[in-house]
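Just so it is clear, the structure is predicted and the values come from calculations on it, not from any experiment.
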Amino acid sequence: MYWSKTLIPTLKESPADAEIISHKLLIRAGLVRKLTGGLYTFLPMGLKVLRKVEKIVREEMNRAGAIEVFMPALQPPEIWQKSGRYEAASDVLFKVHDRARKEWVLGPTHEEVVTTLVAGEINSYKQLPKNFYQIQTKFRDEIRPRFGLMRAKEFIMKDAYSFDADDEGANNSYRAMYDAYVRIFRRCGLVALPVEADTGVMGGSFSHEFMVPAETGEDFMVYCEESGYAANLEKAVSGLKPDSTGPDEDRSALPTEEFPTPDVRTIEDLTKAPFDVPASHQIKTLVMMVDSKPAIILLRGDHQLNEAKAGSVLGSTVFRPAEPAEIIDLLGAKPGSLGAVGVSTVPVYADAILEGATGMVTGANRDGFHLRNVNIARDITVTRFADLRNVEEGEPCPQSGLPLKIRRSIEVGHVFKLGTKYSEKLGALFLDANGKQQPCIMGCYGIGVTRTLQAVIEQSNDKNGISWPVSIAPFEVCITALDVGDDNPVFQLARKIHAQLQDKGVDVILDDRDLRPGFKFKDSELVGFPLRIAVGEKGLAKGGVEFKPRDGELEIVDPEQIVDKTLTWLREHNTSLDRSMDQD
RNA sequence: CGGGGAGUAGCUCAGCUUGGUAGAGCGCCAGCUUUGGGAGCUGGAUGUCGCAGGUUCGAAUCCUGUCUCCCCGACCA
């Protein structure tokens, strides 16, 4: 490819609407252009990277035994009603109407379609297991598209769905996908770590997310380097014990006592003089509404509610904080003076840390008053103790006991063991060896292909631009011709090397633009080609052409040697060809 | 949806407070000079100042409404 023949609109300045580095570089390096919020056109360089990521994904999915299909993006709402997700996923569903005013949905994911397919085509255990995958555009009415390709209304996903006859088989399918994901991300030159994850609206029994550590990530992962424990904050647990709660001296025998706390509205207010109650000695009382029924959640004052965990205790992912009017109606006081002492008409769920806590302070359900010496076991009717809070940095690892760390991360892949939720609802049943009808045991597995592309940029860049891994670089090699006249020997040599590399199967671009050298060097670094071969008079005077890895040292190489040198270097630096991968 | 910010040339922005009829840099076109780290000079093209309405002799500027984009929160690959 000659640079002048394609379109690589690089920008010296960052676009005003890009905030994070990968988004800026995506635009500046001319990989994509925005049509409108959350919708992007892939330009030639962006598309080349995308296709290379897809190729790696395909190879690894095929290697893992998955079979490729292609399902409609436009789907009938009926199958969503059958699965029960028409309501549950209603927020993210794009809905369209045909000329007869019939409604359709644009697929945000394909459990319903693939399960419908299997319901029709798979009848016997002899046909199982099967794992179908596709690489396809997904549509999601995101509340807030963000950060370029990171969260878009339309994005490319690899989605796979496994169907097994028994639980052991389902676990094997899950494991095969998990392993494939490890390989895929490694081949893309990406550091992506599997962490335990919440199953959320997908339902199902367990799941892992693949996380790319990055300051700009929207998720938090909790991890311990010693034990290898790693989990999404939504799911993470710690080894923190209940006995660490409560004041130092034993106040368990003292009766509860009401005391005036005018103008105290928050946990923070109560930690200040004259009250001086540490947040860890307070009980935070939250009122949640589930299907218009109230429930009370108790946390230690210094802890934060984990909504995913709360959802599983409340038995619904759909709940909201109660309005002040509802709270007054229920407890007789405004937020700021709430407590669960003496409450018996609504369920009270307390964080497990509070079990056995004594000498605590909580609201008195009377505006401007709190209670001290609260002994949970004695004074509060707790329906159930459960893990309801976010783990905090420094708490003991549940496995090693060492302090946990937390970092931001980008979710690039997610594997779920689904169980029989969809197969039962959509009739994906088969006859087992005893002639008995059973629902398939399913798993589903997603990779955000476009997001992965941007995550690589987020992880591999410097002040000069992107630094692509060889495996997914738009071109592996950029030949920078420093003179471009057709009869100029410099240009003739550059063209010769370009042709020779192309013959050897190297993905190479020749920068044949009539521009000053500095401009072309900057561009090649911005776009991020892993290897640059500059052909110019100065280099030739020193004995050859300039061989310059994007992140390495410049070498002068004899033009006769440059092809071999390049092939060797590419082989050594292509994460996709890493032989160590075949040994695990 | 709640809170914050912004819409002016292809891009990055100034002008708006204090109304007087459109600017800079980059990019683009032409010419000359330059030619190893985003060149210099000269000349040139490019705008319904997001849109609609209002106030006014006169609106990019003031007022009202509306749309879009970006950031923070709830959702997710």
Side-chain angles (χ1 to χ4, degrees), chain A residues 9-20 23-24 27-28 30 33-39 57 88-93 108-109 135-160 181 192 197-202 207 209-212 216-219 232 234 307-308 311 317-321 410-416 444-455 464-465 480-484 490 513-526 532 534-542 546 548 554:
Chain A
T10 57
L11 260 31
K12 241 186 275 194
E13 284 173 298
S14 288
D17 57 10
E19 194 78 8
I20 68 174
H23 185 193
K24 289 179 182 170
I27 309 291
R28 284 192 57 208
R33 283 294 180 265
K34 181 169 80 174
L35 176 62
T36 180
L39 298 172
V57 169
S90 175
D91 290 347
V92 298
L93 282 180
T109 176
I135 296 175
Q136 197 210 32
T137 301
K138 299 291 189 250
F139 300 87
R140 291 191 186 171
D141 189 0
E142 289 290 342
I143 304 168
R144 181 152 83 91
R146 231 194 297 216
F147 301 148
L149 304 177
M150 284 295 184
R151 179 182 298 281
K153 286 188 166 82
E154 182 184 315
F155 63 98
I156 296 175
M157 179 158 103
K158 185 287 302 173
D159 46 328
Y181 277 31
D198 185 62
T199 50
V201 292
M202 295 297 294
S207 87
E209 287 167 341
F210 286 76
M211 295 293 216
V212 175
T216 52
E218 298 183 79
D219 285 275
N232 189 305
E234 290 180 346
E307 298 197 7
T317 52
V318 188
F319 59 89
R320 61 172 174 85
I410 300 163
E411 180 188 351
V412 289
H414 202 156
V415 292
F416 293 87
C444 73
Y445 318 93
I447 287 179
V449 179
T450 38
R451 182 184 284 180
T452 296
L453 184 160
Q454 191 174 340
N464 294 316
T480 304
L482 298 172
D483 288 290
V484 295
V490 164
R513 296 173 299 168
D514 187 10
L515 293 170
R516 295 160 66 88
F519 198 99
K520 297 168 86 161
F521 290 145
K522 288 284 187 195
D523 257 2
S524 78
E525 282 157 16
L526 175 58
R532 181 174 72 217
V535 185
E537 274 173 20
K538 288 204 179 172
L540 290 171
K542 287 186 215 158
E546 292 161 30
K548 170 74 172 69
L554 187 150

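- Within the nucleic acid shown, A/Gly536 comes within 4.0 Å of at least one base atom, counting heavy atoms only.
- As judged by a 4.0 angstrom heavy-atom cut-off over every strand, A/Asp219 is placed among the base-contacting residues.
- Distance, A/Ile27 CD1 to B/G10 P: 17 Å, rounded to whole Å.
- Side-chain N/O atoms of A/Arg532 and base N/O atoms of B/G37 include a donor-acceptor pair closer than 3.5 Å.
- The A/Arg144 side chain lies nearest to B/C72 when the options are B/G37, B/A77, B/C72.
- Going from the C1' atom of B/U68 to that of B/U8 covers 15 Å, rounded to whole Å.
- At the heavy-atom level, A/Ala152 lies under 4.0 Å from base atoms of the strands shown.
- Of the candidate nucleotides B/A77, B/G73, B/C26, B/A77 has the atom lying nearest to any side-chain atom of A/Phe155.
- Between A/Glu525 and A/Arg532, at least one side-chain nitrogen of the basic residue sits less than 4.0 Å from a carboxylate oxygen of the acidic one, meeting the salt-bridge criterion.
- Side chain of A/Glu546, nearest nucleotide from B/G27, B/C75, B/G36: B/G36.
- Nucleic acid contact class of A/Phe147 (heavy atoms, under 4.0 Å, all strands): sugar-phosphate only.
- For the pair A/Glu19 CD and B/C71 P, the interatomic distance rounds to 6 Å; values are reported in whole Å.
- Across B/A74, B/C69, B/C75, the shortest atom-to-atom separation from the side chain of A/Glu218 is found for B/C75.
- If you check every strand for non-hydrogen atoms under 4.0 Å, A/Glu525 touches a base.
- Rounded to whole Å, the separation between the P atoms of B/G10 and B/C57 comes to 34 Å.
- Summarising the geometry, the separation between CG on A/Asp91 and P on B/C76 is reported as 10 Å, rounded to the nearest angstrom.
- Figure legend. B/U46 is base-paired to no nucleotide; pairs are counted as Watson-Crick or G-U wobble with both atom distances under 3.5 Å.
- Residue contacts for A/Pro15: at a heavy-atom cut-off of 4.0 Å it reaches the sugar-phosphate backbone alone, with no base atom in range.
- Across all their heavy atoms, A/Glu411 and A/Arg451 have their closest contact at O-NH1, 2.7 Å.
- Side-chain atoms of A/Lys522 lie closest to B/G37 of the nucleotides B/C1, B/G37, B/G36.
- Contacts of A/Asp159 with the nucleic acid, taken as non-hydrogen atoms under 4.0 Å apart, are absent.
- Between the CG atom of A/Leu515 and the C1' atom of B/G38 there is a distance of 10 Å, rounded to whole Å.
- Here B/C70 presents its P atom at 12 Å from CD1 of A/Ile20, a figure rounded to the nearest Å.
- Taking the nucleotide of RNA chain B with the nearest heavy atom to each of A/His414 and A/Pro145, the more 5' of the two is matched to A/Pro145.
- Electrostatic pairing of A/Arg146 and A/Glu19 does not count as a salt bridge here, judged by no charged N lying under 4.0 Å from a carboxylate O.
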Side chain to side chain contact (heavy atoms under 4.5 Å, CB included) between A/Asp219 and A/Ile410, intermediate numbers included: CA-CA 6 Å; A/Asp219 285 275; A/Ile410 300 163; over 6 Å; no

Set out, in order, the CA-CA distance, both residues' side-chain angles and the distance that settles side chain to side chain contact (heavy atoms under 4.5 Å, CB included) for A/Leu39 and A/Lys34, then state yes or no. CA-CA 6 Å; A/Leu39 298 172; A/Lys34 181 169 80 174; over 6 Å; no

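- Remark: B/C41 base-pairs with B/G31; criterion is Watson-Crick or G-U wobble with both hydrogen-bond distances under 3.5 Å.
- Residues satisfying the side-chain contact (heavy atoms from CB on, under 4.5 Å) test with A/Ala197, not counting sequence neighbours, are A/Ser207, A/Glu209, A/His414.
- Judged by Watson-Crick or G-U wobble contacts below 3.5 Å, the nucleotide B/U64 has B/A52 as its partner.
- In this structure, of B/C11, B/U35, B/C69, it is B/U35 that holds the atom nearest to the side chain of A/Arg516.
- In this structure, A/Leu11 atom CG and B/G25 atom P are separated by 19 Å, rounded to whole Å.
- A residue-by-residue look at A/His23 and A/Gly448 shows that A/His23 has its nearest nucleotide of RNA chain B further toward the 5' end.
- Spacing between B/G38 and B/G25 at atom C1', rounded to whole Å, works out to 14 Å.
- Looking at heavy-atom distances under 4.0 Å, A/Lys34 makes contact with sugar-phosphate atoms alone, never a base.
- Candidate nucleotides B/A39, B/C69, B/G36 were compared by shortest atom distance to the side chain of A/Thr36, and B/C69 ranks first.
- When distances run from any side-chain atom of A/Arg151 to the nucleotides B/A77, B/A74, B/G38, the shortest one goes to B/A77.
- Comment: A/Lys153 does not engage A/Glu142 in a salt bridge, judged by the lack of any side-chain N to carboxylate O separation of less than 4.0 angstrom.
- Using a 4.0 Å cut-off between charged side-chain N and carboxylate O, A/Glu154 and A/Lys138 make no salt bridge.
- Here, B/G7 and B/C49 have their P atoms 15 Å apart, quoted to the whole Å.
- Qualifying ring pair (Phe, Tyr, Trp, His ring centres under 6.0 Å) partners for A/Phe155, counting only residues two or more places apart in sequence or in other chains: none.
- Separating the P atom of B/A60 from that of B/G47 is a span of 16 Å, rounded to the nearest Å.
- Base pairing of B/C57 is made with B/G20, judged by Watson-Crick or G-U wobble geometry with both donor-acceptor distances under 3.5 Å.
- When distances run from any side-chain atom of A/Glu13 to the nucleotides B/U12, B/A77, B/C71, the shortest one goes to B/U12.
- Using atom C1' as the reference point in both B/C51 and B/C67, the two lie 7 Å apart (nearest Å).
- Within the 4.0 angstrom heavy-atom criterion, no nucleotide atom of any strand lies near A/Ile410.
- In this entry the distance linking CZ of A/Arg513 with P of B/A39 reads 12 Å, nearest Å.
- When the P atom is compared between B/G4 and B/G65, the two are found 15 Å apart, to the nearest whole Å.
- Among the heavy atoms of the strands, none lies under 4.0 Å from A/Thr452.
- Distances from the side chain of A/Arg146 to the nucleotides B/C71, B/A77, B/G38 place B/C71 closest.
- A/Asp514 has its CG atom 13 Å from the P atom of B/C28, to the nearest Å.
- At a cut-off of 3.5 angstrom, the base of B/C76 holds at least one donor-acceptor pair with the side chain of A/Arg451.
- Contacts of A/Arg28 with the nucleic acid, taken as non-hydrogen atoms under 4.0 Å apart, include base atoms.
- Distance noted for atom P between B/C13 and B/C70: 14 Å (whole Å).
- Nucleic acid contact for A/Leu482: base, since at least one base atom lies under 4.0 Å from a heavy atom of the residue.
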